[in-house]
Chemist: 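What follows is a structure written as structure tokens; I'll ask about it next.
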Amino acid sequence: MRNSEIVEALIFSAEGALSIKDILNILPDASKQEIEDIVTELNRTYDRSGRSFMIEKVSNGYMFATKKEYSPYLRGLHKTKRLSNAAIEVLAVIAYKGPCSKQTVDNIRGVDSSSALRTLVDNHLVDIKAGRPLKYITTKRFLEVFGLNSISDLPDIAQFQEIFGEDQNIEQEEDLFL
Amino acid sequence: MRNSEIVEALIFSAEGALSIKDILNILPDASKQEIEDIVTELNRTYDRSGRSFMIEKVSNGYMFATKKEYSPYLRGLHKTKRLSNAAIEVLAVIAYKGPCSKQTVDNIRGVDSSSALRTLVDNHLVDIKAGRPLKYITTKRFLEVFGLNSISDLPDIAQFQEIFGEDQNIEQEEDLFL
Amino acid sequence: MEFVLHISRFEGPLDLLLYLIEKNKFNLEELEICPIIDQYLDYINQMRCLNIELASEFLDMASYLIWLKSCLLLPSQVDIAQGGEQDPIEELKKMLATYREMKYAAQRLSERPLLFHDRFPRGWAEGDKELTKMNIASIMKAISSIKSRTKHYVMRIERARFTVKEMMRKITSVLKTRGKIYLVQMAGTDEKLEIVTILMAALELSRLSTVRLIQGKLFGEIYIVGKDSGVKD
């Protein structure tokens with residue numbers, strides 16, 4: 001197996017940019033120069049064979065990226081960024097309790113939810129209903145992303161303990177959401 | 001710009017498997033057959049030029065992944081998790097008998113499966129369907145992880161019985177004991 | 001001693017039964033159930049002698065097999081396959097056959113080249129990851145994580161059952177009529193939570209100098225006496 005193949009596989013599978021140091025950890029017999037030459041050579045091969053991607057050198061290492069000219073097509077892929085745990089919590093509360101005010105969400109979670117709410121609205125997962133106070137509701141996009149036909153497809157909260165019961169001794173019948 | 005380059009760029013830039021449907025949304029003039037031919041041809045090119053990755057047909061779509069032979073090197077870079085035997089058993093039951101309830105899984109295995117189920121849900125290999133009782137189903141992620149195009153790619157249970165060399169006709173045998 | 005294998009080797013009682021059947025080179029269809037029952041019970045007994053903690057399912061199966069064996073030995077008194085009813089031996093065999101299928105399916109599944117172990121997908125920086133993994137389970141997980149953080153809402157029933165305060169009151173009132181009580185005597189159930197509550201209540205009473213806790217010897221039973229009782233330490 002040639003080093004160039006291994007280097008390619010390493011950069012391909014790395015989460016984020018991969019530094020030369022990380023590569024040398026796995027290929028201790030290679031040199032810094034050799035890695036640089038390998039990447040140059042790989043990119044030359046990609047160019048020659050009409051690949052739509054290449055290895056970019058970014059500040060902290062190497063990473064694969066598709067070439068700029070394909071970006072008009074890639075925009076059609078509708079990437080939605082991953083949500084933080086806080087955002088999923090807020091989303092869950094609104095899904096079960098909505099339409100509800102920010103105050104309700106904050107009370108249930110015991111922490112302020114402003115920034116998570118903002119993310120959800122930006123991602124079109126939550127919409128705002130006019131009124132005093134403002135109310136938050138989940139959107140059609142929410143249903144699509146979570147693969148639900150309607151909000152009533154969400155399971156009953158009392159059923160959660162089947163696998164999410166933290167402790168068998170804790171009876172969860174008496175709960176906040178009833 | 002050739003369709004094959006665009007298809008390559010699309011699959012390359014998607015996280016997880018990209019369905020043929022998604023590709024056709026972006027290239028409406030192409031046909032399903034054309035996409036399949038493009039992928040076959042791309043894989044041939046990768047093989048010929050010594051690429052360490054290829055396009056896999058999984059989860060009714062396409063996904064780039066490294067070839068198996070590089071895994072010893074790549075494991076040095078990634079934390080690899082292995083599922084417990086219990087978790088794989090539960091996964092097999094859900095894959096073959098799902099959607100099914102926790103009770104069904106427990107009955108078939110003869111033990112409580114809560115913690116294994118929880119691990120599978122946490123790892124996005126199993127999802128929950130609302131209902132009474134809750135039902136468990138395998139996810140798109142499951143297909144990606146196990147390299148399956150669809151659940152029907154799993155070997156037929158009837159084949160297993162041949163391997164055990166018995167159980168040819170349980171119904172008939174039963175009469176003997178009555 | 002060849003029976004003494006680690007119980008963790010078996011996923012459950014069905015797994016252990018299958019192992020015994022294979023070991024005896026029995027065929028599931030023409031299964032001789034009695035020797036298997038005996039070997040299973042032997043195995044469980046040895047585990048218990050070695051103080052190995054067994055999952056309750058192993059014991060449930062043991063008592064079921066004892067019942068089944070008694071039925072087989074007393075055919076005239078208990079007809080186990082009364083007309084129309086399911087023959088328990090057939091049922092057990094069916095369960096074993098289904099479990100064996102699934103066990104085999106699981107083995108086949110685990111032989112497949114696994115993503116993140118044998119094959120690796122294209123890596124993504126944490127921030128670039130998509131929403132693709134969102135599902136109902138993640139919503140449920142979020143709800144339960146809120147619940148576990150705000151436990152005071154969900155624990156009310158449990159706390160009502162064994163509270164330290166109530167246990168303190170109970171101990172004090174029993175002490176009024178008796179000179180000394182062993183801690184274990186206070187327990188009405190064998191629930192761990194109750195034992196813990198009793199111990200906490202006793203410690204709290206001792207802290208308040210209402211009672212004295214006495215343990216005669218190392219690892220001896222602990223008992224409680226009233227502060228003014230004449231019992232010596």
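Throughout, a chain's letter reflects where its sequence line sits, starting with A, and its residues are numbered from 1.
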Chemist: Anything under 3.5 Å between a donor and an acceptor, one on a side chain of residues 58-67 of chain A, the other on a protein residue two or more places apart or in another chain? List them.
Modeler:
residue: A:Lys67; atom: NZ; partner: A:Asp47; partner atom: OD1; Å: 2.8
residue: A:Lys67; atom: NZ; partner: A:Arg51; partner atom: O; Å: 3.1

Chemist: So which atom in A:Glu162 and which in B:Ser114 form the shortest heavy-atom distance, rounded to 0.1 Å?
Modeler: O-OG, 3.9 Å
Chemist: Within the distance-only criterion (no hydrogens, no angle test), does the side chain of B:Glu8 pair as donor or acceptor with the backbone N or O of A:Phe53 below 3.5 angstrom?
Modeler: no
Chemist: Side chain from CB out, backbone as N, CA, C, O: work out which of these in A:Leu18 comes under 4.5 Å of a heavy atom of chain B, or both, or neither.
Modeler: side chain
Chemist: What part of A:Leu154 lies closer than 4.5 angstrom to a heavy atom of chain B: side chain, backbone, both or neither?
Modeler: backbone
Chemist: What part of A:Tyr73 lies closer than 4.5 angstrom to a heavy atom of chain B: side chain, backbone, both or neither?
Modeler: both
Chemist: Crowded around B:Asp122 CG? As in, over 12 foreign heavy atoms under 6.0 Å?
Modeler: yes
Chemist: Between chain A and each of B:Leu77, B:Asn25, B:Asp127, count heavy-atom pairs under 4.5 Å; write down the option with the most.
Modeler: B:Leu77
Chemist: If you take all heavy atoms of A:Leu74 and B:Ala9, which pair is closest and at what distance?
Modeler: CD2-O, 3.6 Å
Chemist: Working to the nearest 0.5 Å, report the span between CD1 of B:Ile128 and CD of A:Gln159.
Modeler: 9.5 Å
Chemist: Can you tell which part of B:Ile23 gets under 4.5 Å to a heavy atom of chain A, answering side chain, backbone, both or neither?
Modeler: neither
Chemist: Using the salt bridge (charged side-chain N to carboxylate O under 4.0 Å, His left out) rule, collect all pairs that involve residues 17-35 of chain B, keeping only residues at least two apart or in two chains.
Modeler: B:Lys32-B:Glu36
Chemist: Counting only heavy atoms not in B:Lys129, do more than 12 fall under 6.0 Å of its NZ?
Modeler: no
Chemist: Pick whichever of B:His78, B:Arg2, B:Glu69 has the most heavy-atom pairs under 4.5 Å with chain A.
Modeler: B:His78
Chemist: Give the minimum heavy-atom separation between B:Gly76 and A:Ile26, together with the two atoms involved.
Modeler: C-CD1, 4.0 Å
Chemist: Is it the backbone or the side chain of B:Thr45 that comes under 4.5 Å from a heavy atom of chain A, or both, or neither?
Modeler: side chain
